[in-house]
Every structure is written in structure tokens, then in C-alpha cells.
Amino acid sequence: MTTGTGFDIRRIGGRIGAEILGVDLSADLDPAVVTEINSALLEHKALVFRDQQLDDAGQLRFASLFGELTAAHPTVASVEGRPQILPVDGEEGIRANQWHTDVTFVRTPPKASTLRSIVVPPYGGNTLIANSAAAYRDLPDPLRELADRLWAVHTNDYDYAAPRNEKAAEYRRRFVSRTYRTAHPVVRVHPETGERGLFIGGFAQTLVGLGSSDSRDLLRILQSYVTRPENIVRVTWTPGDLVLFDNRITQHYAPDDYGDLPRLLHRVTVAGDVPAGVDGSRSYIVEGDDASDYTPVAA
């Protein structure tokens, strides 16, 4: 598909994902181009821009076209001198090999995330991205009606796998140096499209009003719909690629399948709003602060 401003959109997955061809992200983009990229993001949920060769400043500039930027992370250190860039470094033990949506343990999770590949292994190290709106549509009617009423508590302090080395252990200590717990609707209404999506993932640990055993069972069932193969696109990285995904209606996972090989991505996230459920109720803090040093506080 060729857009009105002349770039091409090529679908790469049946339910999620598209490559954007003919756009140089290092250039000053016309507002009409940005509008069409945003429209493509809302439709396809995840966009891949190949061989862009951006530097940190270029990634920050592109991400800022979609809104105000967050800090790198509520608890983890940024790239030195770049407070809005999070290094995703496999050698440092930062391996997100669990399905999640970025930073859902705070009240205002990011609207969108950009990932830029700097060092990629010769095999493995892909990123999987799932469409949580398609997962919601797949639910049987009784399960969908139940999900519409459920709330989940998301936290950064949960039972991680044992760290593989001291660097990973130190990263874990930093990650939980401040505890956040936030209740979000299990079904989030997208603020721009009105789509409903399952807003769960690895940080969702318990369901409000239910015990830990029942919570685990129900969350496992709901999560199984998110991770159905038909709802997933696999991004195979080459150096210089940039991926933009809608953090409000996707989950992602980076398989830890590249051994001791180096892998380095830089992440920049766009500030989001407070999630709303089917009945209009909004997320609320259970423990911790409003993370205002991480992201602007929305109304």
C-alpha cells in the first residue's frame, strides 16, 4: 500500500506488523508523514523501519514526534548522558524473555516504545510482538464478559528467575529498588481507536478480589490468547533497524536464544495516559508514588 505522502506500507503479519518503506527517519519529517505513520501504527500496532542508521539524537527526535518522552525507566539507569534512553544490553543481563507491556507497574505506562538495534547476534535475538486486541476478540463470549469486569495489580517486584550472573543480579536489585503496584483494568479501551485489548502480561501478578492461585490460573488462560501464534509478529533484527510499537495494545518478548553473544538495543518511550476500562474507570496506585520523575502525570 502506498500512502498519500508517498511511502509504502507492507504488511508482515496476518494480524499485526508492517514494514514502512521509503521514509528516512534522519530527515525532518513533514507533519503529514507523521500523521500517516501514526495512522499506520494504530492499524498495524507495530512498525518496522529497516536500515535507518540513526544515532541517539535521531532516535530521540523521531520518538518525540509522537508525544512527550518519558525518562529511561523508573528505577534503572539510562545511557550515560541520555536520561531518556534505556540500554537493553544482553551482556548486562537485561533479557526480557517474558511477555510484557512496558512499565505497566506505574499508573501512566508509555503510549509507545521505540527500539533501535545497535549490536545484534548473527542468530537469535529476535523480538516477538503480540496484538492484544486480536487476543480479546478471540475470547469466547463468557470469558470476554468476565475479563471486562476484572482488574489486575501490576508490580515490578515479583518472582524472577534466578539471575544467570552477578550483572543480572545487580540489574534485578536496581529494578526493584523502589516498589510499584498499580491496578489496571484487564481490558483496556484504547484512547484513540476505542479498541479493547487484554492489558496484562508479566507485570500483572494478581487479580483484584481473588487469591493468588485463582489469579494465576485466570491470568494464564487470558495470556494464552495473547500469545497465540496468529497474534504474533517476529522481528528479525539487523543493525540500524528501528521498531515503533503501540504499548497500549501490544505485548512483546525477546527470546533468550543467543547464548553469550552480544546484543544491544536502545529504547525510548513516549509518555502515555491513565488506562481506562470498559466502564470508564481508570487505573489507580496501590503502592508507590505517581512516578512523576519517570513520566508526566496525566489527569
Side-chain angles (χ1 to χ4, degrees), residues 45-46 67 69-76 86 88 94 96-115 127-133 135-136 147 150-160 172 175-192 195-208 215-216 218-220 222-223 225-227 231 244-254 267-278 281-298:
K45 312 296 189 289
L69 302 183
T70 72
H73 194 273
T75 58
V76 177
L86 180 74
V88 182
I94 308 173
N97 56 321
Q98 182 180 43
W99 284 104
H100 67 285
T101 299
D102 282 337
V103 201
T104 58
F105 47 84
V106 303
R107 186 167 179 252
T108 53
K111 164 187 175 179
S113 298
T114 65
L115 286 173
T127 296
L128 311 181
I129 307 174
N131 182 343
S132 63
Y136 176 80
L150 294 174
W151 284 67
V153 175
H154 297 231
T155 180
N156 62 323
D157 186 12
Y158 61 92
D159 293 332
Y160 291 73
R172 156 73 171 155
F175 198 91
V176 298
S177 58
R178 226 175 339 170
T179 298
Y180 291 94
R181 298 183 194 277
T182 300
H184 292 299
V186 164
V187 177
R188 180 180 185 177
V189 178
H190 195 287
E192 293 186 69
E195 285 184 287
R196 297 181 182 185
L198 291 176
F199 197 62
I200 44 177
F203 297 123
Q205 292 292 292
T206 57
L207 294 171
V208 175
S215 293
R216 283 194 300 270
L218 277 172
L219 286 169
R220 178 187 55 78
L222 294 170
Q223 183 68 16
Y225 284 85
V226 178
T227 58
N231 291 333
L244 168 67
F245 55 86
D246 191 331
N247 200 59
R248 300 163 293 187
I249 205 156
T250 61
Q251 291 183 27
H252 54 285
Y253 180 107
R267 188 185 84 185
V268 177
T269 49
V270 181
D273 63 343
V274 180
V278 172
S281 299
R282 293 190 176 270
S283 303
Y284 58 90
I285 296 168
V286 176
E287 181 181 354
D289 55 36
D290 60 9
S292 58
D293 56 342
Y294 162 68
T295 188
V297 179

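Quick caveat, the model's predicted, so the values are computed rather than measured.
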Distance check, rounded to the nearest 0.5 Å: [X] atom [atom1] versus [Y] atom [atom2]?
X: Arg267; Y: His73; atom1: CZ; atom2: NE2; result: 6.0 Å
X: Asp246; Y: Thr101; atom1: CG; atom2: OG1; result: 10.0 Å
X: Ser281; Y: His184; atom1: OG; atom2: NE2; result: 14.0 Å
X: Asn156; Y: Glu287; atom1: CG; atom2: CD; result: 9.0 Å
X: Arg178; Y: Phe105; atom1: CZ; atom2: CZ; result: 9.5 Å
X: Gln251; Y: Lys45; atom1: CD; atom2: NZ; result: 14.0 Å

Next on the checklist: Angle between ring planes, Tyr253 versus Trp99, binned at 30° and 60°: parallel, tilted or perpendicular?
Outcome noted: tilted
Donor-acceptor pair, distance only, cut-off 3.5 Å: does the side chain of [X] make one with the backbone of [Y]?
X: Thr108; Y: Gly272; answer: no
X: Arg107; Y: Val274; answer: no
X: Asn247; Y: Pro110; answer: yes
X: Thr104; Y: His100; answer: no
X: Ser215; Y: Leu207; answer: yes
X: Asp102; Y: Pro109; answer: no
X: Thr155; Y: Tyr180; answer: yes

Item to check | Contacts of type salt bridge (charged side-chain N to carboxylate O under 4.0 Å, His left out), residue Arg216, not counting sequence neighbours | outcome: none
Item to check | Test: Asp273 and Arg248 ion pair at under 4.0 Å | outcome: no
Between [X] and [Y], which heavy-atom pair has the shortest distance, and what is it?
X: Phe199; Y: Pro275; result: CE2-CG, 4.0 Å
X: Ala152; Y: Ala204; result: CB-CB, 4.2 Å
X: Tyr225; Y: Asn231; result: O-ND2, 2.9 Å
X: Val186; Y: Ala147; result: CB-O, 3.9 Å
X: Pro296; Y: Ala271; result: CD-CB, 3.6 Å

Checklist entry - Considering residues at least two apart in sequence or located in another chain, which fulfil the ring-ring contact (aromatic ring centres under 6.0 Å, His included) criterion with Phe245? => result His252
Next on the checklist: Could you walk me through whether Thr70 and Val270 satisfy the side chain to side chain contact (heavy atoms under 4.5 Å, CB included) test, starting with their C-alpha distance in whole Å, then the side-chain angles of each, then the deciding distance to 0.1 Å, before giving a yes or no?
Outcome noted: CA-CA 6 Å; Thr70 72; Val270 181; over 6 Å; no
Checklist entry - Considering residues at least two apart in sequence or located in another chain, which fulfil the side chain to side chain contact (heavy atoms under 4.5 Å, CB included) criterion with Ala71? => result Tyr294
Item to check | Distance-only polar pair, side chains of Thr182 and His154, donor-acceptor under 3.5 Å | outcome: no
Checklist entry - Does one side chain, of Asp290 or Ser292, offer a donor that lies under 3.5 Å from an acceptor on the other? => result yes
Checklist entry - What's the verdict on side chain to side chain contact (heavy atoms under 4.5 Å, CB included) for Val153 and Val208, showing C-alpha distance, side-chain angles and the deciding distance? => result CA-CA 7 Å; Val153 175; Val208 175; 4.0 Å; yes
Next on the checklist: Determine whether Thr75 and Val176 satisfy the following criterion, side chain to side chain contact (heavy atoms under 4.5 Å, CB included), listing intermediate values before the conclusion.
Outcome noted: CA-CA 7 Å; Thr75 58; Val176 298; over 6 Å; no
